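Below: the structure, in structure tokens.
Note that the structure is a prediction, hence the values are computed from the model and not measured.
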Protein chains: 2
Amino acid sequence: MPRLKEFDEAEVLDQALELFRVRGFQHTSFNDLVEELGVSRQSLYDTYGDKQALYLAALTRYQERGLARIRQQLDGPAPLRTRLAALFEGMVAGQCSNGSPGCLMVNSMVELSPHDGDVRALAHRHAHAIETLFASSLSAALRKGELAKDKDPVALARFLYHTMLGLAVASRTHADQAGLRQTVQLALQALG
Amino acid sequence: MPRLKEFDEAEVLDQALELFRVRGFQHTSFNDLVEELGVSRQSLYDTYGDKQALYLAALTRYQERGLARIRQQLDGPAPLRTRLAALFEGMVAGQCSNGSPGCLMVNSMVELSPHDGDVRALAHRHAHAIETLFASSLSAALRKGELAKDKDPVALARFLYHTMLGLAVASRTHADQAGLRQTVQLALQALG
DNA sequence: GTTTTAATGGAATGACAATTCCAGAATGTG
DNA sequence: CACATTCTGGAATTGTCATTCCATTAAAAC
């Protein structure tokens, strides 16, 4: 009986995500969304709930994609250093794409996490997941002798996570991809 | 003839700065300012101009103080590594003080720099000034033999700047000073 | 063709916030 | 005391924005 949905929920969510990533939550009005996504106001409310819920859905999606990418890039036969270099290269490319808006998660951490418990919880889970993934790869490398015994995988994992944060902020304000890549090189030297 | 000013412009500006640092520009309403600063709305407008101008004045002040601090800490007889460690220690302490709101400049870069040319210009000057200060100290250390000849002072300076950005974001969301300090240690190992 | 659901455009609604306006009280100087 | 200036509290103004409401159209299922 029912009429079928005419737009792709996931696709529209991605468009909203991109708008939020560029403009931030507060600088993106619902009118902006209606205009840019090509879906009527009422349909957006019916499908995703209010602006806050839409944002949270976008952020959740972004986080899941990011973590999947990290898992995939870390999982391989190449030396850890090589895998990490590829991972960071992909991150830099992503953060600099579409006008260099940086990372939605980092932008959310700065703009919203002090005021919004849901965002804060997502950010904490994100940090924890990333640090855990890094730490487990680093521990494996340590066991294989790829990493010196005196290195601390947990501290190194957090260091790499902090480096990611810095790259994201820098990409949002400064248009200097070469500089970001040089920083990646230097950060990876911490592996010894 | 005139009645004298009854509040200290600089002191009130510092209070506004702190409010902006914690809550961000958009999450700080003019009413918040009136209530927290203990100065009437009209006096604020008369003294500083509108909210935007007040914010910019606070950010400018913050930037100047930060740069002065860096200059002062970098200028000394101790080994560069020691001076940088002290500098970063002070930064971490500052960003974690008063509820760990992070760095006003970094927060501004994320929240405002894409939309506000004045903020963007300040951020660019800030980055340039810091990188220049770091680079000149690193070059001096290189000449003195404190730093290996194969190191690139400019790239290292930018790396340290990027590290600062990451620490600021992390301090705003995660309450883990020990982790930040460990990251500082690891970052400084890039000096060799 | 009727029913059910989806979608749309546009008009209320209601809240909130920045800025300005105003009338009065306070405080130094001459 | 008179005057210039500052400060204050509060009201008025204005604009923006999220959200809801409504009337209508479209499409699939039966």
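Distance OH (Y45(B)) to P (dA17(C)): 12 Å, rounded to an integer number of Å. Rounded to whole Å, the distance from CG on D8(A) to P on dA6(C) is 16 Å. Summarising the geometry, the separation between CD on E35(B) and P on dG10(D) is reported as 11 Å, rounded to the nearest angstrom. Look at CG on L37(A): it is 14 Å from P on dA7(C), rounded to the nearest Å. Going from atom NZ of K51(B) over to atom P of dC16(C) covers 15 Å, rounded to whole Å. Atoms CZ (F30(A)) and P (dA15(C)) sit 19 Å apart, rounded to a whole Å. Distance, Q42(A) CD to dA23(D) P: 13 Å, rounded to whole Å. Rounded to whole Å, the distance from CG on D46(B) to P on dA18(C) is 17 Å.
Among dT19(C), dG9(C), dA7(C), the nucleotide with an atom closest to any side-chain atom of R41(B) is dT19(C). Of the candidates dC7(D), dC17(D), dT8(C), dT8(C) carries the atom nearest the S43(A) side chain, counting heavy atoms from C-beta on. For D50(A), the side-chain atoms get nearest to dT19(D) when compared with the rest of dT19(D), dA17(C), dA7(C).
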>> Set out, in order, the CA-CA distance, both residues' side-chain angles and the distance that settles ring pair (Phe, Tyr, Trp, His ring centres under 6.0 Å) for F30(A) and Y45(A), then state yes or no.
In response: CA-CA 10 Å; F30(A) 217 96; Y45(A) 273 101; 4.4 Å; yes
> Between R61(A) and E64(A), does a salt bridge (Lys or Arg N to Asp or Glu O under 4.0 Å) hold up when you go through it step by step?
Replying inline: CA-CA 5 Å; R61(A) 184 174 170 81; E64(A) 283 163 3; over 6 Å; no
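The nearest pair of heavy atoms linking P114(A) to V110(A) is CD-O, 4.0 Å.
Salt bridge absent: D75(A) and R83(A) never bring a charged side-chain N and a carboxylate O closer than 4.0 Å.
One finds no side-chain N or O of S40(A) lying less than 4.0 angstrom from the OP1 or OP2 phosphate oxygen of dG9(C).
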